[in-house]
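Okay, structure first, notes after.
Keep in mind that what you see is a predicted model, and the values were worked out from it rather than measured.
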Amino acid sequence: MIGNFFIQPLDITYNKYEKYIYVAVEGNRVYKEFYAAIDTAIDGRVKIMVLAICKDGKVVTYINNAEDYDKLMEQSRSKLVYFTPIKLLTRDGKNMAFLDLFFRTHYNEKIEIKLYCIKKLYHKKPSIRKRESYFNQSKSTVFYSSKIIRTSSKSSVTIMGRDYSIQKVINLPFYNELQMLYVQDLGVINIYNKIREFKIISQPELICVGSKFVYECNGSQVVYTVEKMDDDLVFISSAKDKIVAKNIDRGLAIIKVFVTMHPEAPELTFNPPLSIIPNSEVDISKHKVALTMGTSTIMGDLTYTGNGEKGFVIKLVCDKIGWTDEEPLVTAVVFSDDGFKITTGIIENDVAEEI
């Protein structure tokens with residue numbers, strides 16, 4: 001590794017939903033689960049995306065917003081994405097809430113999800129859950145929920161006129177032991193479980209405004225541009241991230257990463273700053289990582305391998321709370337002669353062989 005060089009190690013996206021529901025169906029021969037994300041567009045219209053999880057492994061997506069539909073079709077190779085009207089009725093009271101969601105599938109099946117909710121619970125701690133992607137790309141999902149609403153056994157799913165009950169689960173007493181979830185004001189951070197191989201195309205010899213770092217990653221080009229400099233601070237942006245780095249003798253060290261998909265997007269902070277080759281004056285055994293959104297934070301550790309010559313490992317760990325997974329989210333970065341490889345997985349053994 002030579003020249004001014006840095007790595008933004010986590011592939012993060014962020015979404016915020018006004019309402020988010022999940023329900024597991026009991027007894028239907030086709031459908032297993034339904035997810036729905038509900039939000040309000042700038043023009044005031046309600047945007048809804050419903051995911052129908054089938055027992056054969058297929059995931060069918062229904063969207064009622066044309067702009068979101070077009071964007072998703074550009075990002076996904078899946079053919080199981082459909083634009084369709086979706087009706088929503090909600091009532092919120094002091095001690096109760098009701099949600100009625102109705103749509104037709106591409107087979108013209110009528111599906112109605114009714115959630116009766118009787119008590120609001122507040123849950124501020126974030127949690128990491130492993131979730132298989134809807135479009136053949138595995139994710140580690142970090143949920144930041146502000147209002148979880150307890151659901152009633154009166155809730156049901158109706159498919160083609162027949163009522164189906166909700167699957168029961170154990171160890172979820174605050175969900176009334178039903179595999180069902182209704183959340184208001186939900187922030188969702190997606191950190192993708194995958195392998196990314198970066199090849200260095202070009203890097204500046206001198207850091208200045210306008211300097212570009214160009215990499216090739218899995219067949220696509222990734223460009224980072226220096227937008228601003230203030231003393232030893234360097235402000236860098238890409239199509240996806242905004243980064244604050246420190247200009248040091250041996251290159252750049254990342255202080256903070258902002259995910260720019262949303263004005264309330266999370267921040268990833270490194271303390272001390274993340275350097276590709278650790279400064280000899282810094283104790284490399286005491287690096288901390290923080291993933292923060294609002295007042296919620298997931299803490300983690302950063303450990304250099306081979307005294308920093310081989311790479312480094314980041315491990316983010318949530319507190320154990322109810323329905324969250326216990327495994328940490330682990331990212332391993334391994335250096336090569338002309339680039340580096342980043343492997344992310346929710347179970348440490350998934351990436352251990354890369355270290």
Side-chain angles (χ1 to χ4, degrees), residues 13-91 97-117 129 131-139 141 143 149 151 155-167 179-188 190 261-262:
T13 60
Y14 172 73
N15 293 290
K16 182 73 178 289
Y17 304 111
E18 293 177 4
K19 295 179 174 64
Y20 183 89
I21 67 174
Y22 161 73
V23 59
V25 183
E26 185 85 54
N28 186 267
R29 63 182 181 84
V30 177
Y31 297 105
K32 179 182 177 183
E33 300 167 317
F34 293 96
Y35 294 83
I38 303 163
D39 214 341
T40 303
I42 297 176
D43 59 8
R45 290 181 296 174
V46 177
K47 302 192 299 180
I48 305 174
M49 180 173 67
V50 177
L51 302 174
I53 316 298
C54 302
K55 289 187 173 179
D56 63 1
K58 292 180 181 177
V59 178
V60 187
T61 304
Y62 299 96
I63 300 177
N64 73 336
N65 180 274
E67 182 179 347
D68 288 347
Y69 171 79
D70 292 339
K71 187 183 299 183
L72 192 57
M73 290 299 291
E74 289 179 4
Q75 297 173 351
S76 168
R77 297 178 180 178
S78 173
K79 296 180 180 178
L80 301 177
V81 179
Y82 298 92
F83 179 75
T84 186
I86 302 174
K87 296 181 180 179
L88 175 69
L89 174 65
T90 61
R91 292 198 302 269
F98 171 75
L99 183 146
D100 190 342
L101 188 73
F102 175 84
F103 67 100
R104 290 179 181 267
T105 71
H106 59 300
Y107 292 122
N108 205 33
E109 301 165 299
K110 297 178 183 179
I111 296 182
E112 185 174 16
I113 301 172
K114 290 184 178 181
L115 297 185
Y116 292 87
C117 311
R129 301 191 74 192
R131 184 177 72 181
E132 292 304 314
S133 169
Y134 311 124
F135 308 112
N136 301 321
Q137 192 178 51
S138 181
K139 301 176 183 178
T141 302
F143 288 90
I149 301 179
T151 47
S155 303
S156 65
V157 176
T158 303
I159 302 174
M160 293 299 288
R162 178 180 173 183
D163 290 338
Y164 293 89
S165 59
I166 311 301
Q167 286 187 14
Q179 199 161 331
M180 176 171 51
L181 182 67
Y182 180 23
V183 183
Q184 292 182 345
D185 300 325
L186 175 68
V188 179
N190 290 315
M261 296 295 187
H262 193 281

Please report the interatomic distance [atom1]([X]) to [atom2]([Y]), rounded to the nearest 0.5 Å.
X: D68; Y: D39; atom1: CG; atom2: CG; value: 9.0 Å
X: I63; Y: Y82; atom1: CD1; atom2: OH; value: 12.5 Å
X: N108; Y: T84; atom1: CG; atom2: OG1; value: 9.0 Å
X: Y164; Y: T158; atom1: OH; atom2: OG1; value: 9.5 Å
X: R104; Y: K110; atom1: CZ; atom2: NZ; value: 4.5 Å
X: I86; Y: I111; atom1: CD1; atom2: CD1; value: 10.5 Å

For [X], look at atom [atom1] and say whether over 12 heavy atoms of other residues, nucleotides or ligands are found less than 6.0 Å away.
X: K55; atom1: NZ; value: yes
X: E26; atom1: CD; value: yes
X: K16; atom1: NZ; value: yes

Indicate the atoms forming the closest heavy-atom contact of [X] with [Y], along with that distance.
X: P85; Y: F103; result: O-CB, 4.0 Å
X: F83; Y: Y69; result: N-CE1, 3.7 Å
X: M49; Y: L72; result: SD-CD2, 4.2 Å
X: N190; Y: N15; result: ND2-ND2, 4.0 Å
X: S155; Y: L115; result: OG-CA, 3.5 Å
X: M160; Y: E109; result: SD-CA, 3.3 Å

Quick one: are [X] and [Y] in side-chain contact, heavy atoms under 4.5 Å?
X: N65; Y: I48; answer: no
X: T90; Y: I38; answer: no
X: Y31; Y: V157; answer: no
X: V59; Y: L80; answer: no
X: V183; Y: Y22; answer: no

Begin with the C-alpha distance, continue with both residues' side-chain angles, and end with the deciding distance and a verdict on side-chain contact (heavy atoms from CB on, under 4.5 Å) for V23 and I113. CA-CA 9 Å; V23 59; I113 301 172; 4.2 Å; yes

Look at the side chain of E18 and the backbone N and O of D185, then say whether any donor-acceptor pair between them is shorter than 3.5 Å.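 The answer is no, because no donor-acceptor pair under 3.5 Å joins these two groups.
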
Could you label the plane-to-plane angle of the Y62 and H106 rings as parallel, tilted or perpendicular, counting under 30° as parallel and over 60° as perpendicular?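 Tilted: the ring planes of Y62 and H106 meet at 30° to 60°.
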
E112 and side chain to side chain contact (heavy atoms under 4.5 Å, CB included): which single residue from D163, D100, I159 fits?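 Exactly one candidate clears the test, D100.
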
